[in-house]
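Heavy atoms only: backbone and side chains are in, while hydrogens, waters and symmetry mates are out. As the structure is a computational prediction, the values presented were derived from the model and not from experiment. So that the names make sense, note that chain A is the first sequence line, chain B the second, and so on, each numbered from 1.
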Amino acid sequence: MSETGFEGIAVDALDEAGAAAELARLAALIHRANTAYHTEDAPEISDAAYDAAKARNAAIEARFPGLKRADSPSDVVGAATAEGFGKVTHAVRMLSLANAFDANELADFDAGVRNFLGLEKAAPLAYTGEPKIDGLSLSLRYENGVLVQAATRGDGEVGENVTANARTIAEIPQEIAGAPALLEVRGEVYMGHEDFAALNARQAAEGGKTFANPRNAAAGSLRQLDATITARRPLKFFAYAWGALSEPLAETQSEAIARLHAFGFTTNPLTRRCESLEEMRAHYAEIEAQRATLPYDIDGVVFKVDDLALQARLGFRSTTPRWAIAHKFPAEKAWTCLEGIDIQVGRTGALSPVARLRPVTVGGVVVSNATLHNEDYIAGRDSKGEPIRGGKDIRIGDWVEVYRAGDVIPKVADVDLSKRPEGSEPYRFPETCPDCGSEAVREAGDSVRRCTGGLICPAQAVEKLKHFVSRGAFDIEGLGAKQIEMFYADEVLPIREPAEIFTLQVRDAATVSKLANRDGWGETSARKLFAAIEERRRIELRRLIFALGIRHVGEVVAGDLARHYGSWAAFSHAVDLAGPAGQRHLAAEAAVREEREAAAADGRRARVSETEAAAWAAEPAVPAEAKAAWDELVGIDGIGAAAATALVAAFHQPAERASIDRLAGALEVIDAARPATEGSPVAGKTLVFTGTLEKMTRAEAKARAEALGAKVAGSVSAKTDLLIAGPGAGSKAKKAAELGVETIDEDGWLALIGEG
DNA sequence: GTGCCTCGAGTTCC
DNA sequence: CTCGAGGCAC
């Protein structure tokens with residue numbers, strides 16, 4: 001301890017004055033060590049001395065809590081609490097990128113961009129190209145040039161507050177000059193190869209855990225709850241994008257990056273402007289050639305439309321921008337033995353085969369499981385019966401080639417037939433559910449086999465409950481997948497259906513063996529769980545609809561339904577009403593399917609419309625209001641017959657309906673708000689575009705309208721508020737006139753949204 | 001009827 | 001993250 005110069009003075013022996021002086025000295029020492037670690041070749045003090053200084057600081061603070069300094073090294077501003085990091089909602093969402101895996105997909109991307117913008121093939125269109133760093137993305141918020149917050153990507157909407165940790169990264173400026181009043185800089189935190197090797201060597205020497213690869217090391221280092229540990233990790237940062245801004249940075253991507261560089265950020269030196277698809281391909285090849293000699297990991301090349309005005313026009317799909325793509329390098333592969341095939345049962349009853357593999361390292365991670373998708377994939381055919389992998393099937397005992405799709409999901413790419421064991425048999429996919437024994441059937445044209453057990457099947461019931469408490473649904477704190485499994489199996493205090501979550505506390509009060517007395521539970525954790533459940537008794541309509549776990553009704557569709565119907569009463573009433581019409585639709589669909597099969601067998605053309613009409617006529621007539629409710633349901637943009645019939649089926653299946661009613665009775669449902677985008681002239685209105693649009697493409701017009709809170713429908717009905725008709729408008733314009741729907745032309749539309 | 005595009009449902013490892 | 005398929009435009 002001689003380096004720190006406080007040998008002999010035991011913490012117990014310190015008086016207040018001595019303790020205060022000691023805390024001041026330790027704070028200075030530790031802060032100095034943190035900065036020295038990044039800026040100087042040789043650390044000022046050894047790791048052991050550093051750790052001792054920190055431990056001593058903590059011990060003195062524990063004994064004299066009143067003396068804790070404002071700049072205490074154990075308590076940096078924005079530091080995480082014991083519960084974890086604070087949450088940060090991103091002002092502008094942090095999206096992921098669409099991928100291209102070969103030159104053709106890159107060309108498709110370019111063609112798609114041109115198509116959306118209505119550009120000719122040969123029209124000039126520039127992109128920027130830069131290496132895709134294999135690290136983790138970070139958003140840095142600067143207010144008046146001062147770093148005030150750093151957040152991880154999280155799910156793109158909400159990330160974690162890692163401000164204290166980010167402040168320890170030398171390449172992240174604490175202050176910048178000449179920047180807009182508000183500037184969110186985005187980029188990648190990563191660890192270089194040499195630093196990674198040195199860190200792992202140090203970790204090994206100290207008996208700590210080593211990291212599998214630089215990316216994990218960077219992620220693990222940034223997410224340290226103790227920022228002083230992050231400070232000792234050699235993290236670096238490349239800036240490549242931005243989020244919220246008080247004023248535009250530039251007119252092009254490349255100028256904006258140059259400005260970030262001028263502000264003091266490190267930007268990647270391999271960033272280039274590419275004037276054509278050929279230049280993009282060449283740049284990709286150049287970066288790929290340098291990959292092995294770069295001092296950090298990259299996994300591809302990112303291309304972005306250079307013109308920011310065009311980026312704005314292109315906008316976003318649900319999870320990715322239309323103006324950027326990541327051209328990924330081919331994935332690393334490895335051979336190993338397939339030791340077994342397990343069947344998992346999902347919440348919809350889908351039977352999913354999972355490969356159990358002899359553990360093998362692929363791209364720096366040990367893989368022991370891989371998805372086998374479905375029955376056909378194992379058999380070596382796709383859903384149309386075309387051979388894949390050259391028609392090779394997959395058998396237990398085979399040598400298989402594994403890769404991680406998108407560097408994440410392990411998949412089986414190939415089979416080595418020369419190593420196939422003698423006497424092996426093709427895998428026989430089970431025709432009954434491995435969990436409940438019910439028959440597992442494949443519907444015509446479906447690639448997955450499903451357990452027909454429904455709510456009787458324990459696997460389905462558990463998975464449905466897990467879905468119910470998942471993030472986009474009820475998201476109850478302290479009630480995750482593990483707890484659901486525990487409660488499902490519980491004899492005394494079971495949760496076998498969603499409604500039982502909301503009776504848990506009452507039932508607990510009535511039993512002798514209280515939750516709070518069990519292993520792993522205490523007063524506090526039980527009380528917290530009950531409080532979290534109570535908090536969710538008030539629930540947004542969209543979350544409730546999503547949580548029901550009805551097939552074809554995911555987060556987006558649930559949101560559409562909630563927005564359309566507004567309240568639980570209106571929604572459930574509409575689905576009830578639509579029931580008879582839905583049944584009739586199902587019958588007609590079955591008849592058409594039969595006709596198709598019969599026609600295929602006889603080698604003649606199927607009489608689709610006649611069969612459909614006949615089936616409709618044969619069914620008992622449905623009340624007009626049922627027909628109207630059904631038409632309204634399938635008329636909602638994004639909802640078709642499949643989702644509608646699934647909804648109707650769920651509400652009309654007695655057991656399922658009873659379960660839904662019990663749940664709804666326990667809740668207070670918050671009505672959905674109309675998407676009143678402020679100042680938008682079309683918020684909440686239903687629009688229809690028809691004819692040829694000349695100033696923007698249809699996709700673009702739709703995206704713009706939706707961004708303004710409008711709903712874009714495909715056909716004109718009494719619900720339509722506004723028809724935008726270009727030249728060549730036909731039946732829709734006529735119908736709009738009949739219904740008295742307001743109709744404007746494209747210029748009128750542009751004027752309306754303020755772009756005239 | 002055909003060809004995008006988006007969404008849902010499945011998946012692994014840390 | 002990928003695949004399949006539903007939904008919708010052409």
Can you list, pair by pair, the side-chain donor-acceptor contacts under 3.5 Å of residues 100-112 of chain A, counting residues two or more places apart and other chains?
unit_1: A:Asp102; atom_1: OD1; unit_2: A:Asn104; atom_2: N; d: 3.0
unit_1: A:Asp102; atom_1: OD1; unit_2: A:Glu105; atom_2: N; d: 2.9
unit_1: A:Glu105; atom_1: OE1; unit_2: A:Phe101; atom_2: N; d: 2.8
unit_1: A:Asp110; atom_1: OD1; unit_2: A:Arg114; atom_2: NE; d: 3.2
unit_1: A:Asp110; atom_1: OD1; unit_2: A:Tyr127; atom_2: OH; d: 2.6
unit_1: A:Asp110; atom_1: OD2; unit_2: A:Arg114; atom_2: NE; d: 3.1

Listed pairs under 3.5 Å, donor-acceptor, residues 461-470 of chain A side chains, sequence neighbours left out:
unit_1: A:Glu463; atom_1: OE2; unit_2: A:Lys466; atom_2: NZ; d: 3.2
unit_1: A:Lys464; atom_1: NZ; unit_2: A:Glu656; atom_2: OE2; d: 3.3
unit_1: A:Lys466; atom_1: NZ; unit_2: A:Glu485; atom_2: OE2; d: 2.7
unit_1: A:His467; atom_1: ND1; unit_2: A:Arg347; atom_2: NE; d: 3.4
unit_1: A:His467; atom_1: NE2; unit_2: A:Phe546; atom_2: O; d: 2.9
unit_1: A:Ser470; atom_1: OG; unit_2: A:His467; atom_2: O; d: 2.7

Between [N] atom [atom2] and [X] atom [atom1], what is the distance in whole Å?
{"X": "A:His373", "N": "C:dA5", "atom1": "NE2", "atom2": "P", "value": "12 Å"}
{"X": "A:Arg347", "N": "B:dG10", "atom1": "CZ", "atom2": "C1'", "value": "10 Å"}
{"X": "A:Asp376", "N": "B:dG10", "atom1": "CG", "atom2": "C1'", "value": "15 Å"}
{"X": "A:Arg542", "N": "B:dG8", "atom1": "CZ", "atom2": "P", "value": "11 Å"}
{"X": "A:Arg322", "N": "B:dC5", "atom1": "CZ", "atom2": "P", "value": "9 Å"}
{"X": "A:Ile639", "N": "C:dC8", "atom1": "CD1", "atom2": "P", "value": "8 Å"}
{"X": "A:Arg442", "N": "C:dG4", "atom1": "CZ", "atom2": "P", "value": "11 Å"}
{"X": "A:Tyr403", "N": "C:dC1", "atom1": "OH", "atom2": "C1'", "value": "10 Å"}

(message) Using a 4.0 Å heavy-atom cut-off, does A:Ile550 contact any base of the nucleic acid, only the sugar-phosphate backbone, or nothing at all?
(response) sugar-phosphate

(request) Would you indicate what A:Ala219 reaches in the nucleic acid, counting non-hydrogen atoms under 4.0 angstrom: base, sugar-phosphate, or nothing? (result) nothing

(message) Please find the pair of heavy atoms, one from A:Glu188 and one from A:Ile133, that lie closest to each other, and give the distance.
(response)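 Of all heavy-atom pairs spanning A:Glu188 and A:Ile133, the closest is OE2-O, 3.1 Å.
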
Is there a side-chain polar atom (N or O) of [X] under 4.0 Å from OP1 or OP2 of [N]?
{"X": "A:Arg551", "N": "B:dC7", "value": "no"}
{"X": "A:Ser447", "N": "C:dG4", "value": "no"}
{"X": "A:Lys411", "N": "C:dC3", "value": "yes"}

Can you tabulate the close N/O pairs, meaning under 3.5 Å, that link protein atoms to atoms of nucleotides 12-14 of chain B?
unit_1: B:dC13; atom_1: OP1; unit_2: A:Ser368; atom_2: N; d: 2.9
unit_1: B:dC13; atom_1: OP1; unit_2: A:Ser368; atom_2: OG; d: 3.4
unit_1: B:dC13; atom_1: OP1; unit_2: A:Asn369; atom_2: N; d: 2.9
unit_1: B:dC13; atom_1: OP2; unit_2: A:Asn369; atom_2: ND2; d: 2.9

(message) Between A:Asn374 and A:Arg449, is there a side-chain donor-acceptor contact under 3.5 Å, judged purely by atom types and distance?
(response) no

(message) What I'd like to find out is whether the side chain of A:Gln224 reaches to under 4.5 Å of the side chain of A:Asn165, using heavy atoms alone.
(response)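 Touching, per the 4.5 Å side-chain cut-off.
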
(request) Indicate yes or no: at least one non-hydrogen side-chain atom of A:Leu357 is less than 4.5 angstrom from one of A:Asn369. (result) no

(message) Among B:dG10, C:dG6, C:dG7, which nucleotide has an atom closest to any side-chain atom of A:Ala643?
(response)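 When the side chain of A:Ala643 is considered, C:dG7 is the closest of B:dG10, C:dG6, C:dG7.
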
(request) Among B:dT6, B:dG8, C:dG7, find the nucleotide with the atom closest to the side chain of A:Val556. (result)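 Within the option list, the nearest is B:dG8.
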
(request) Assign each of A:Gly112 and A:Gly346 to its nearest nucleotide of DNA chain B by heavy atoms, then name whichever residue's nucleotide is nearer the 5' end. (result) A:Gly112

(message) Looking at A:Lys132 and A:Asp297, is any side-chain nitrogen of the basic one under 4.0 Å from a carboxylate oxygen of the acidic one?
(response)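 No, A:Asp297 and A:Lys132 are not salt-bridged.
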
